[in-house]
Amino acid sequence: QVQLVESGGGLVQPGGSLRLSCVASGISFSDYAMTWYRQAPGKQREFVAGIGRRGYATYADFVRGRFTISRDNNRNTVFLQMNSLQPEDTAVYYCQSQLNNWGPGTQVTVSS
């Protein structure tokens with residue numbers, strides 16, 4: 001059974017940073033691309049960043065230059081380093097596997 005568990009969310013001031021993690025189990029992690037999405041209150045879930053099996057990364061325009069996605073295949077973990085956070089980045093952040101498995105999400109709140 002595939003399980004994804006996100007962590008690392010929290011409350012941060014504008015301009016601050018957070019590093020999200022998503023640990024996968026029950027999956028041959030290194031064989032699959034992984035993706036981060038987010039969903040703000042009252043809005044649809046949106047793509048944030050994705051990373052291929054060999055580390056090729058893609059980003060939504062609104063995070064390029066601020067967020068960095070990475071993966072550690074030895075730890076079955078995908079990361080999202082988020083810098084220069086703004087209030088509009090407030091959302092629940094989810095990771096997704098290429099097999100369309102989802103984690104429960106981690107809340108990120110950017111507020112002064």
Side-chain heavy atoms nearer than 4.5 Å, only ILVMFWY residues, links allowed to pass through others: does that put Val23 and Val2 together? no
If the plane angle is over 60° it's perpendicular, under 30° parallel, otherwise tilted; pick one for Trp102 and Tyr37. tilted
Quick one: is the NZ or CZ of Arg66 closer than 6.0 Å to the six-membered ring centre of Tyr59, and within 45° of its axis? no
Mind checking whether Val78 and Ile27 sit in one hydrophobic cluster, side chains of I, L, V, M, F, W, Y counted as touching below 4.5 Å? yes
Check for me, please, whether Phe29 and Phe79 land in the same ILVMFWY cluster - side-chain distances under 4.5 Å, paths through other members count. no
Name the one of Val48, Val108, Ile51, Val63 that satisfies side-chain contact (heavy atoms from CB on, under 4.5 Å) with Leu80? Val48
Main-chain N/O of Val110 paired with Thr90 side-chain donor or acceptor, under 3.5 Å: yes
So, taking the atom named OG in Ser111 and the one named CG in Asp89, what distance separates them when rounded to the nearest 0.5 Å? 12.5 Å
For Asp31, check salt bridge (charged side-chain N to carboxylate O under 4.0 Å, His left out) against everything at least two apart and list the hits. none
CD/Gln3 to SG/Cys22 distance, rounded to the nearest 0.5 angstrom? 10.0 Å
Counting distance only, does the side-chain N/O of Arg45 pair as donor-acceptor with the main-chain N or O of Val92 below 3.5 Å? no
Identify the heavy atoms of Asn83 and Gln81 that sit nearest to each other, and give their distance. OD1-NE2, 2.9 Å
Which heavy atom of Lys43 sits nearest to which heavy atom of Gln39, and what is that distance? O-NE2, 3.1 Å
So does Glu6 get a backbone contact from the side chain of Tyr94, meaning a donor-acceptor N/O pair under 3.5 Å? no
Which heavy atom of Ser112 sits nearest a heavy atom of Pro14, and at what distance? N-CD, 3.7 Å
Taking Leu20 as the starting point, is it possible to reach Leu4 by hopping between hydrophobic residues whose side chains are less than 4.5 Å apart? yes
Within a 6.0 Å radius of atom CD on Gln44, are there more than 12 heavy atoms belonging to other residues, nucleotides or ligands? no
Taking Phe47 as the starting point, is it possible to reach Tyr93 by hopping between hydrophobic residues whose side chains are less than 4.5 Å apart? no
In terms of heavy-atom contacts, Arg53 and Tyr32 come closest through CG-N, 3.6 Å
How far apart are the C-alpha atoms of Thr106 and Ser7, what are their side-chain angles, what is the distance that settles it, and do they pass the side-chain contact (heavy atoms from CB on, under 4.5 Å) test? CA-CA 6 Å; Thr106 186; Ser7 62; 5.5 Å; no
Nearest 0.5 angstrom please: Ser30 OG to Asp72 CG, how far? 11.0 Å
Do you know which two heavy atoms are closest between Ala33 and Gly52, and how far apart they sit? CB-CA, 4.0 Å
Could you state the interatomic distance from CG (Leu18) to CE (Met82), rounded to the nearest 0.5 Å? 4.5 Å
